[in-house]
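Everything on this sheet refers to the single structure shown next.
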Number of protein chains: 2
Amino acid sequence: MNEPTEDEHNYSTKPYRTPDGAPTDIAMFTITSEEKPGAKKALPIRQLKVMLIRRRKWPFEGKWALPGGFTRPTETVQQCAERELLEETGVANVHLEYFQVYSSPGRDPRGWMISHAFVALVQEQALEGRQTSEEASEVRLVPVEEALAMELAFDHRDILGDALARIRQLMMTTTIAKAFLPELFTISELYQVIQTVVPTFEEKNFIRKVTSTQSRQGILEEARGEDGSPLLSNRYSQRPAQLYRFTDYAPELSIYG
Amino acid sequence: MNEPTEDEHNYSTKPYRTPDGAPTDIAMFTITSEEKPGAKKALPIRQLKVMLIRRRKWPFEGKWALPGGFTRPTETVQQCAERELLEETGVANVHLEYFQVYSSPGRDPRGWMISHAFVALVQEQALEGRQTSEEASEVRLVPVEEALAMELAFDHRDILGDALARIRQLMMTTTIAKAFLPELFTISELYQVIQTVVPTFEEKNFIRKVTSTQSRQGILEEARGEDGSPLLSNRYSQRPAQLYRFTDYAPELSIYG
DNA sequence: CTAATAGTGTCTGTAAGACAGTATCCA
DNA sequence: TGGATACTGTCTTACAGACACTATTAG
């Protein structure tokens with residue numbers, strides 16, 4: 001380090017109490033898809049789930065908690081969250097977004113801990129294999145409503161509630177839905193994903209709105225083959241449906257106009 | 001404390017390096033109004049300004065910086081920001097909103113400091129008297145564009161840039177404009193405030209949009225006297241203008257419908 | 001009267017919303 | 001052929017955008 005040391009400037013952190021750590025907590029969401037029993041080629045049942053791990057140590061030993069861990073002096077909190085997510089759940093290349101700080105005195109029995117909360121969004125496929133690992137019993141995907149009813153460690157239920165509110169807001173105001181969708185998707189897949197995260201969402205004429213270039217100014221574009229023919233999917237329907245992708249257009253919302 | 005101590009559980013924070021502090025930094029914005037030279041009863045010149053203080057100690061001695069200070073173990077970072085704002089600038093009862101964490105290693109020469117950044121919005125009148133105090137030379141309201149061109153302490157220019165982006169977004173998507181306005185205001189005052197924060201904002205027919213109950217679903221309501229007569233203002237115009245107030249309706253924005 | 005701001009009238013295009021009807025394909 | 005999803009046609013109402021026009025009052 002070429003920086004001057006603390007001593008050279010008569011500066012010391014010792015007279016003041018300093019935090020005992022800067023942990024991160026990560027609310028990692030995924031949407032699971034399950035075939036409707038009976039009907040093939042029907043829209044699947046989708047569920048929003050959050051990843052929880054079971055604590056092995058004091059405090060809150062045996063309780064379920066959000067994954068996370070302590071930030072190191074050599075990394076940012078974002079890097080810490082990426083690292084912990086990889087270490088604890090084996091997941092990388094996730095949409096990972098900081099959203100809030102939790103600093104109430106006494107929130108952690110281990111000491112003065114100011115925690116940094118993230119939301120992560122990941123596709124179900126990215127978790128495959130992970131679910132059957134040797135630690136499977138200690139890592140669970142829990143439906144969000146169920147998780148909110150559980151007694152979680154620390155203030156993790158508050159954090160989870162806030163995280164859920166955040167991704168609901170993000171789902172309506174940004175194109176974050178792409179984190180839950182393949183590169184190409186049909187309109188009804190998109191509609192289902194939005195409804196899974198935001199159950200109150202309902203739009204008649206959803207197709208009209210989202211595909212009319214004029215009003216939405218093209219957040220979606222039709223997928224076409226090299227010869228210009230439309231790309232279609234019949235994963236969930238008899239009649240093949242047009243596939244779309246998100247453009248990188250990000251609409252600016254306003255309450256004034 | 002009735003909590004179990006660390007020792008009882010064989011837990012100690014000592015083996016790990018812990019942060020040297022959890023400071024807060026506050027970007028406090030205000031809009032100054034100045035009468036147009038010459039014309040009376042004309043719309044005032046409004047400017048967005050940010051509060052800076054001059055540092056007296058190492059590091060960055062003599063440099064301008066955002067106000068802020070170290071969080072104590074007995075308070076949340078929000079409470080810290082409120083306290084520091086009061087101590088350093090004499091301002092209380094402000095709209096104060098957390099917005100980001102800054103945790104790059106090396107961002108503070110004093111050690112490992114994870115900083116919590118807030119935006120504050122305050123009306124010019126709330127700062128009156130403060131500007132002529134004995135420390136006046138050490139606290140300044142600087143036009144934002146000027147501040148962004150200055151060499152500020154730490155990473156405060158980055159923080160200020162992010163804070164500005166944040167209040168621009170808040171200005172367009174929430175009713176935060178009320179923090180810069182009196183309880184009752186005219187449509188053109190509102191329009192001016194929005195334009196001062198977001199210079200690119202331009203809406204022909206602003207009155208129509210913002211007062212049509214149908215489309216905006218009433219974020220504003222007309223102010224009326226006890227006898228039901230409309231309350232008017234001629235502060236900035238010859239012809240008296242209708243006064244409005246914000247309702248507590250908060251529209252939910254969506255890119256999908 | 002003029003300047004300065006506040007607001008209305010009116011026209012055009014287009015979107016929103018509702019909903020019935022048609023299209024496609026599998027079992 | 002029926003069921004399931006994917007669209008399209010069409011109609012009504014309402015808003016968006018433009019812009020000329022009127023209203024109010026200080027000086």
Side-chain angles (χ1 to χ4, degrees), chain A residues 33 35-46 184-193 195 201-220 222-223 229-244 251-257, chain B residues 33-46 184-195 201-220 222-223 229-244 251-257:
Chain A
S33 276
E35 249 181 24
K36 231 179 233 161
K40 302 245 165 189
K41 294 267 177 180
L43 293 172
I45 297 169
R46 297 185 196 258
L184 301 180
F185 51 87
T186 66
I187 299 294
S188 59
E189 285 180 278
L190 171 59
Y191 190 70
Q192 270 209 315
V193 163
Q195 278 205 320
F201 179 76
E202 189 187 325
E203 285 289 335
K204 313 276 171 79
N205 279 349
F206 183 67
I207 296 184
R208 301 292 258 265
K209 283 187 185 169
V210 91
T211 58
S212 78
T213 318
Q214 298 276 27
S215 67
R216 293 300 139 212
Q217 303 187 21
I219 56 175
L220 297 185
E222 293 181 3
S229 63
L231 290 178
L232 305 174
S233 156
N234 65 342
R235 229 176 319 181
Y236 301 124
S237 62
Q238 317 291 6
R239 172 173 171 177
Q242 174 67 51
L243 286 166
Y244 289 83
E252 284 176 15
L253 296 171
S254 163
I255 62 172
Y256 296 115
Chain B
S33 276
E34 203 182 325
E35 248 180 26
K36 232 180 232 159
K40 302 244 165 190
K41 294 270 177 181
L43 292 172
I45 297 168
R46 296 184 196 258
L184 301 180
F185 51 87
T186 66
I187 299 294
S188 60
E189 285 180 279
L190 171 60
Y191 190 71
Q192 269 210 314
V193 162
I194 299 173
Q195 277 205 323
F201 179 76
E202 188 188 326
E203 286 290 335
K204 313 277 170 80
N205 280 349
F206 184 67
I207 296 184
R208 302 292 259 266
K209 284 187 184 167
V210 91
T211 57
S212 78
T213 318
Q214 299 275 26
S215 66
R216 295 298 139 212
Q217 303 187 21
I219 56 175
L220 297 185
E222 293 180 4
S229 63
L231 290 177
L232 306 174
S233 155
N234 65 343
R235 230 176 319 181
Y236 300 124
S237 64
Q238 318 291 8
R239 171 173 171 175
Q242 175 68 51
L243 286 166
Y244 289 83
E252 285 177 15
L253 296 172
S254 163
I255 63 172
Y256 296 115

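In this structure, B/Gln192 places its CD atom 9 Å from P of C/dT5, rounding to the nearest Å. Spacing between atom OH of B/Tyr256 and atom C1' of C/dA16 amounts to 19 Å, rounded to whole angstrom units. Here the P atom of nucleotide D/dA6 and the CD atom of A/Glu189 are 9 Å apart, to the nearest Å. In this structure, A/Leu190 places its CG atom 13 Å from P of D/dC7, rounding to the nearest Å. The nearest whole Å value for the distance from the CG atom in A/Leu232 to the C1' atom in C/dA23 is 13 Å. What separates CZ of B/Phe206 from C1' of C/dG7 is a distance of 14 Å, to the nearest Å. Remark: P of D/dT24 and CZ of B/Arg239 are 6 Å apart, rounded to the nearest angstrom. Going from atom CD1 of A/Ile187 over to atom P of D/dA4 covers 22 Å, rounded to whole Å.
Among C/dA16, C/dT24, D/dC7, the nucleotide with an atom closest to any side-chain atom of A/Ile207 is D/dC7. Distance from the side chain of A/Pro240 is smallest to C/dC25 among D/dA6, C/dC25, D/dT25. Listed candidates were C/dT5, C/dC25, D/dG17. Nearest to the side chain of A/Gln238 is C/dC25. If you check D/dA18, D/dA6, D/dA23 against the side chain of B/Lys204, the one that comes closest is D/dA18.
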Open item on the list: One pair to check against side-chain contact (heavy atoms from CB on, under 4.5 Å): B/Phe206 and B/Leu190. What are the steps and the verdict?
Closed with: CA-CA 10 Å; B/Phe206 184 67; B/Leu190 171 60; 4.0 Å; yes

- [ ] Determine, stepwise, if the pair B/Tyr191 / B/Glu202 fulfils side-chain contact (heavy atoms from CB on, under 4.5 Å).
- [x] CA-CA 9 Å; B/Tyr191 190 71; B/Glu202 188 188 326; 3.9 Å; yes

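The side chain of B/Ser188 contributes an N or O atom lying less than 4.0 Å from OP1 or OP2 of C/dA6.
Legend: residues meeting side-chain contact (heavy atoms from CB on, under 4.5 Å) with A/Leu231, ordered by chain and number and at least two apart, are A/Leu184, A/Ala223, A/Leu243. The side-chain hydrogen bond (donor to acceptor under 3.5 Å, both in side chains) check on A/Glu252 picks up nothing, with sequence neighbours excluded.
Along DNA chain C, the nucleotide closest to A/Asn205 and the one closest to A/Asn234 are compared, and the more 5′ of them pairs with A/Asn205.
If you check every strand for non-hydrogen atoms under 4.0 Å, B/Leu43 touches sugar and phosphate atoms only.
Nearest heavy atoms, A/Tyr256 versus B/Lys209: O-CD, 3.8 Å.
Judged by distance alone with a 3.5 Å cut-off, a donor-acceptor contact links the side chain of B/Arg208 to the base of C/dT10.
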